[in-house]
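Here is the structure we will look at, set down as structure tokens.
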Amino acid sequence: MTIRVIIVDDQAMVRAGFAALLSAQADIDVVGEAPDGRQGIQVSRSVHPDVVLMDVRMPEMDGLSAARELLDPPPGVVHRPKVLMLTTFDIDDYVYEALRAGASGFLLKDAPPADLIAAVRVVASGEALLAPSVTRRLIADFVERRPVPRRDPALRLNGLTPRETEVLELIARGLSNQEIAGHLVVAEQTVKTHIGRVLGKLDLRDRAQAVIFAYEAGLVRPGDGG
């Protein structure tokens with residue numbers, strides 16, 4: 001199955017470079033591009049991509065605003081693509097807010113070509129992007145500098161079983177499904193089942209949102225061991 005991608009970035013050279021790289025892959029088809037968030041939304045709703053590569057900082061409408069609109073569309077709009085944020089800086093408040101809004105992860109613009117290709121495939125498959133530890137570091141840094149109210153998320157934890165809470169904590173500490181399975185001495189499929197229930201009960205889209213939720217609920221805190 002071919003992965004349909006659009007590229008939203010205000011730099012024409014970046015769009016061209018990414019498009020050439022991704023189009024050379026047999027399983028990826030670049031179906032559109034746009035120079036700002038507003039046009040990115042229009043293109044996305046026209047061509048229905050699986051993945052949107054979204055620059056964080058752009059004129060007209062920035063990537064955060066565009067990501068929010070794509071991930072929480074108005075009534076009548078049913079298409080919701082996966083959104084992968086592109087950023088120059090790995091610690092960026094905009095990226096954190098985009099993850100909260102439901103973006104599947106972020107990628108540095110100067111990442112190796114193989115990382116970009118792998119990122120598109122991972123996000124298209126429904127997973128949060130690549131190394132949970134990187135997302136965790138971003139979130140930990142943000143939470144440490146700007147604490148958020150924890151009352152509501154902490155209350156929502158009450159709906160989880162002890163095992164589900166444990167799985168959520170391990171996700172937030174950056175463990176992969178395989179590592180969680182080893183830690184709990186259960187099958188990896190069992191871990192996937194637990195994660196599905198956690199996401200469903202907490203109304204979260206993916207692992208990235210789960211990590212953020214765990215920090216905001218106080219289940220884990222910056223500086224905790226991984």
Side-chain angles (χ1 to χ4, degrees), residues 1-74 77-92 94-135 138 176-177 205-209:
M1 177 178 167
T2 302
I3 302 168
R4 295 166 57 82
V5 177
I6 68 169
I7 302 165
V8 185
D9 193 293
D10 60 333
Q11 298 181 47
M13 289 293 289
V14 171
R15 297 198 307 272
F18 283 3
L21 176 66
L22 294 173
S23 296
Q25 311 306 308
D27 60 335
I28 299 175
D29 187 12
V30 177
V31 296
E33 59 178 68
D36 62 64
R38 194 173 308 282
Q39 292 186 53
I41 292 170
Q42 294 172 353
V43 172
S44 177
R45 290 183 178 159
S46 173
V47 302
H48 293 178
D50 301 303
V51 177
V52 177
L53 292 180
M54 181 78 74
D55 188 22
V56 171
R57 303 180 186 278
M58 294 179 289
E60 296 295 326
M61 176 185 280
D62 64 30
L64 173 58
S65 299
R68 283 176 171 155
E69 197 157 328
L70 287 176
L71 295 165
D72 187 19
V77 177
V78 296
H79 178 253
R80 291 204 306 177
K82 301 289 193 306
V83 177
L84 176 59
M85 305 302 296
L86 300 170
T87 181
T88 307
F89 308 102
D90 61 349
I91 300 299
D92 189 318
Y94 280 90
V95 177
Y96 174 87
E97 292 298 341
L99 292 172
R100 287 188 76 189
S104 295
F106 75 100
L107 188 71
L108 293 177
K109 283 190 176 182
D110 60 358
D115 286 2
L116 173 65
I117 296 166
V120 168
R121 289 172 177 153
V122 168
V123 169
S125 74
E127 295 291 326
L129 175 61
L130 302 178
S133 59
V134 177
T135 300
L138 170 77
S176 66
N177 286 2
R205 287 194 64 176
D206 57 25
R207 288 179 93 98
Q209 282 197 317

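- The CD1 atom of I3 sits 10.0 Å away from atom CD of Q25, with the distance rounded to the nearest 0.5 Å.
- Closest non-hydrogen pair, G37 versus M58, comes out as N-CE, 3.6 Å.
- Distance check: D29 CG to M1 CE gives 11.5 Å after rounding to the nearest 0.5 Å.
- Nearest heavy atom pair, residue P81 against residue L71, reads O-CD2, 3.5 Å.
- Paired with V51 under the rule side-chain contact (heavy atoms from CB on, under 4.5 Å), one option of V83, I28, V123, I7 passes, and it is V123.
- For R4, the salt bridge (charged side-chain N to carboxylate O under 4.0 Å, His left out) test picks out no residue, with sequence neighbours left out.
- One distance of note links CG of L116 with NZ of K109; it measures 12.0 Å at 0.5 Å rounding.
- Of all non-hydrogen atoms in A34 and Q39, the two that sit nearest each other are CB-C, 3.7 Å.
- Annotation: salt bridge (charged side-chain N to carboxylate O under 4.0 Å, His left out) contacts of R80 (sequence neighbours excluded): none.
- Closest of all the heavy-atom pairs between S23 and V30 is OG-CG2, 3.5 Å.
- If you take NZ on K82 and CG on D50, they are separated by 8.0 Å, rounding to the nearest 0.5 Å.
- We find the CE-CG distance between M54 and D62 to be 9.5 Å, quoted to the nearest 0.5 Å.
- P59 and P35 get closest at one heavy-atom pair: CD-O, 4.5 Å.
- For the salt bridge (Lys or Arg N to Asp or Glu O under 4.0 Å) condition, the pairs that include at least one residue of residues 32-44, sequence neighbours left out, are R15-E33.
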Step by step, work out the side-chain contact (heavy atoms from CB on, under 4.5 Å) result for L84 and V52.
CA-CA 6 Å; L84 176 59; V52 177; over 6 Å; no

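- No donor-acceptor pair under 3.5 Å is formed between the side chain of S46 and the backbone N or O of Q42.
- Between E69 and R45, some side-chain heavy-atom pair lies under the 4.5 Å cut-off.
- N177 is linked by a side-chain hydrogen bond (donor to acceptor under 3.5 Å, both in side chains) to R207, counting only residues two or more places apart in sequence or in another chain.
- By the side-chain hydrogen bond (donor to acceptor under 3.5 Å, both in side chains) test, D72 pairs with no residue at all, sequence neighbours left out.
- In this structure, the side chains of L70 and I41 come closer than 4.5 Å at one or more pairs of heavy atoms.
- Identified under the ring-ring contact (aromatic ring centres under 6.0 Å, His included) test for residues 9-56, with sequence neighbours left out: H48-H79.
- Nearest approach of G40 to V8, heavy atoms of both residues: CA-CG2, 3.8 Å.
- Summarising the geometry, atom CG belonging to L22 is positioned 12.5 Å from atom CD1 belonging to I6; distances are rounded to the nearest 0.5 Å.
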